[in-house]
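Read through the structure below, which is laid out as structure tokens, and then see the notes.
Just so it is clear, the model here is predicted, and its values are computed rather than measured. In what follows, chains are A, B, ... by sequence order, proteins preceding strands, each numbered from 1.
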Protein chains: 2
Amino acid sequence: MTEDDFLRAYDPAAFPRPALTVDLVLMGLRGGCPAVLLMPRTEHPHAGRWALPGSFVRLDETLDEAAERVLRTKAGFTPAEVAETHREQLYTFGALDRDPRMRIVSVAYLALLPEALFTQVLMGDAGLSAARMAVPGESEAGRPVAVFAARDRAARTALPLAFDHADILALAILRLRGKLDYSDVGFALLPETFTLRQLQDVHEAILGTTLNKPAFRRRMLDRGWLVPTGARETGTSFRPAELYRYRKPL
Amino acid sequence: MTEDDFLRAYDPAAFPRPALTVDLVLMGLRGGCPAVLLMPRTEHPHAGRWALPGSFVRLDETLDEAAERVLRTKAGFTPAEVAETHREQLYTFGALDRDPRMRIVSVAYLALLPEALFTQVLMGDAGLSAARMAVPGESEAGRPVAVFAARDRAARTALPLAFDHADILALAILRLRGKLDYSDVGFALLPETFTLRQLQDVHEAILGTTLNKPAFRRRMLDRGWLVPTGARETGTSFRPAELYRYRKPL
DNA sequence: AGAATAGTGTCTTTCAGACACTATCAT
DNA sequence: ATGATAGTGTCTGAAAGACACTATTCT
């Protein structure tokens, strides 16, 4: 950016550049477990493995716009669904041998889907499959993450992931965990209105621990981000819980 | 990354790609204030403004390696100095109009320099200048950061920064602040051995607040990262403080 | 001795964890 | 009434803030 002498004589096409892509971690919760949407690879390289949806970055779009385009074109999101999805840049992966075909640098994004949207996308015709993510313990922090077929909950054999996508997934869950209690990312995994129990379930699923109920409620309510709707949960066979709405802190 | 049909017929040179660079925020402390090393721009575009040292990413180096190369070739670091510098990837900036000449995506890195090394690099012949960073308050979080000439401490007129480098600096100080009390980045700004007061000064400079002395000491010592050397500060006209060494937690 | 800072003892306050308790709904 | 979960009151313990105090060095 600051190489003046270099740039003055620079022919944009003259020097070889790495290719640039975005890869998206589409994360949601399925049955109380973190899950991710993956595409099966059918061709070389890494045929038979599972990959994150991604795309090359075009010259006329920003990185964020490229990520949105992947949501629309690779995952079948409608513009409205794109709008209700939390997205943030995760990290940029630039190892030399990430892809055997050529040098590709990839900007990884994390997208968080409420459970209903996750299911809807999964049922759509985009060809995405859900994989349950093993929540790593403290000791495994930083290691690649193992994912399992979402069909049977007791599956033991890990799905093979393409490229360095296991590293990307590991970073995604770590980032999510780190931001969970000081930011508002947790709400991105919940529907418009939700109960405090649902919110606690989200936190517990991502942290992989159980939380103290009174302390959790106190903290969340004291934070001032929750607005009681006055409505109650329906369809339970017991006392229905109050429904809250998340209000963005000014 | 996962566009199979596209890639099979892909000629690496056939499609236009954004250029890819790394830009480095070389940060240290000067006289109790966060400071950054900048290069003056002498040519169009943004001539007369100040820029972060950076470089294009080559095909045969990773992003981290490109950042190291900038340290060596643009900032005049010796390999030993590179080794004693903390580096981490910050964020990737991909706005369309970042650079008026062509589409350039830049991976920003944060490098932390102990005060002695900061001064040494500044005095070197790499042409870098030091600029004092205005530590933004809570209300200005996320805004571009203003920097001032380091010569006179009372300077009021902000230095003009090139490209989106004010945004990069803003993110750098925010990231540093966020990681300060749960990670060990603070030690990267200190020499090999240091006193607890120096450590507290580093934290106060970056946070822009004052801290409670007994509480700070308790927290730091309880964390188990500090090893007393047995030696004492020298050159003071009062009681010399114990010198500690940072020991990487296993 | 005096100045200046290093380093500590202790009280208070705040907040999380634990546990039991009450409240409210469907059946 | 019973079962099941929602929601709360309160005790306890850990840790931060505040403040005063002692300790140690140089001049």
Side-chain angles (χ1 to χ4, degrees), chain A residues 31-32 138 177-183 186-187 190-191 193-246 249, chain B residues 31-32 115 138 177-184 186-187 190-191 193-246 249:
Chain A
E138 276 308 311
R177 242 192 241 185
K179 295 187 69 167
L180 193 58
D181 33 65
Y182 76 87
S183 82
F187 300 109
L190 288 167
T193 66
F194 51 85
T195 68
L196 282 172
R197 165 54 62 183
Q198 286 179 293
L199 181 59
Q200 185 172 345
D201 285 342
V202 164
H203 282 237
E204 290 181 344
I206 288 164
L207 297 175
T209 63
T210 60
L211 295 171
N212 187 273
K213 183 168 73 161
F216 183 80
R217 296 174 65 93
R218 269 190 309 240
R219 259 191 307 135
M220 289 300 148
L221 292 172
D222 289 352
R223 202 157 292 184
W225 297 350
L226 294 174
V227 183
T229 62
R232 308 256 158 153
E233 208 177 9
T234 57
T236 62
S237 71
F238 45 82
R239 174 178 175 178
E242 172 94 39
L243 285 169
Y244 290 85
R245 186 184 308 278
Y246 164 64
Chain B
E115 190 152 358
E138 277 306 313
R177 239 191 241 184
K179 294 187 70 168
L180 193 59
D181 33 66
Y182 75 86
S183 83
D184 52 5
F187 300 108
L190 289 166
T193 65
F194 51 86
T195 69
L196 281 173
R197 164 54 61 183
Q198 288 179 293
L199 181 59
Q200 186 173 344
D201 284 342
V202 164
H203 281 239
E204 289 180 345
I206 288 165
L207 298 176
T209 62
T210 61
L211 295 171
N212 187 274
K213 184 168 74 161
F216 183 80
R217 296 174 65 92
R218 271 190 307 240
R219 258 191 308 136
M220 288 302 147
L221 291 171
D222 288 353
R223 203 161 290 184
W225 297 351
L226 293 174
V227 184
T229 63
R232 307 254 159 154
E233 208 177 7
T234 56
T236 62
S237 71
F238 45 81
R239 173 177 177 180
E242 171 94 39
L243 285 168
Y244 290 85
R245 186 185 306 279
Y246 165 64

- [ ] Only counting residues at least two apart or in another chain, list the ones meeting salt bridge (Lys or Arg N to Asp or Glu O under 4.0 Å) with B/Arg219.
- [x] none
- [ ] Determine whether any donor atom in the side chain of B/Asn212 lies under 3.5 Å from an acceptor atom in the base of D/dA16, or the reverse, and answer yes or no.
- [x] no
TODO: Kindly determine whether B/Glu115 and B/Gln198 satisfy side-chain contact (heavy atoms from CB on, under 4.5 Å), including the steps that lead there.
DONE: CA-CA 11 Å; B/Glu115 190 152 358; B/Gln198 288 179 293; over 6 Å; no
Open item on the list: Within the 4.0 Å heavy-atom criterion, would you say A/Glu242 contacts the bases, only the backbone, or no part of the nucleic acid?
Closed with: sugar-phosphate
Task: Donor-acceptor contact present, side-chain A/Thr229 to main-chain A/Leu243, <3.5 Å - done: yes
Task: Sidechain-backbone polar pair: A/Glu242 side chain, A/Gly230 backbone, donor-acceptor under 3.5 Å - done: yes
TODO: With sequence neighbours left out, write down each residue that passes side chain to side chain donor-acceptor pair (under 3.5 Å) with B/Tyr244, or none if nothing qualifies.
DONE: none
Task: Whole-Å gap separating P (D/dG17) and CG (B/Asp181) - done: 10 Å
- [ ] Produce a footprint string for nucleotides 21-27 of chain D: one letter per nucleotide, 5' end first; B if the base is under 4.0 Å from any protein heavy atom, S if only the sugar-phosphate is, - if neither.
- [x] --BBBS-
- [ ] In whole angstrom, give the distance that lies between atom CD of A/Glu233 and atom C1' of C/dC25.
- [x] 11 Å
Open item on the list: Rounded to whole Å, how long is the line connecting atom CD of A/Gln200 with atom C1' of C/dA16?
Closed with: 13 Å
Task: Stretch residues 214-226 of chain B: residues that reach within less than 4.0 Å of DNA chain C through a heavy atom - done: B/Pro214, B/Arg217, B/Arg218
Task: Between P of C/dC15 and CG of A/Leu211, the distance in whole Å - done: 18 Å
Open item on the list: How many whole angstroms separate atom NZ of A/Lys213 from atom C1' of D/dA4?
Closed with: 11 Å
Task: Backbone of A/Pro240 reached by a side-chain donor or acceptor of A/Glu233 within 3.5 Å - done: no
Open item on the list: Going by side chain to side chain contact (heavy atoms under 4.5 Å, CB included), name the residues that satisfy it together with B/Gln200, two or more places apart in sequence or in a different chain.
Closed with: B/Arg197, B/Glu204, B/Leu211, B/Lys213, B/Phe216
Open item on the list: Applying side chain to side chain donor-acceptor pair (under 3.5 Å), can you list everything that pairs with B/Asp184, at least two apart in sequence or on another chain?
Closed with: B/Tyr246
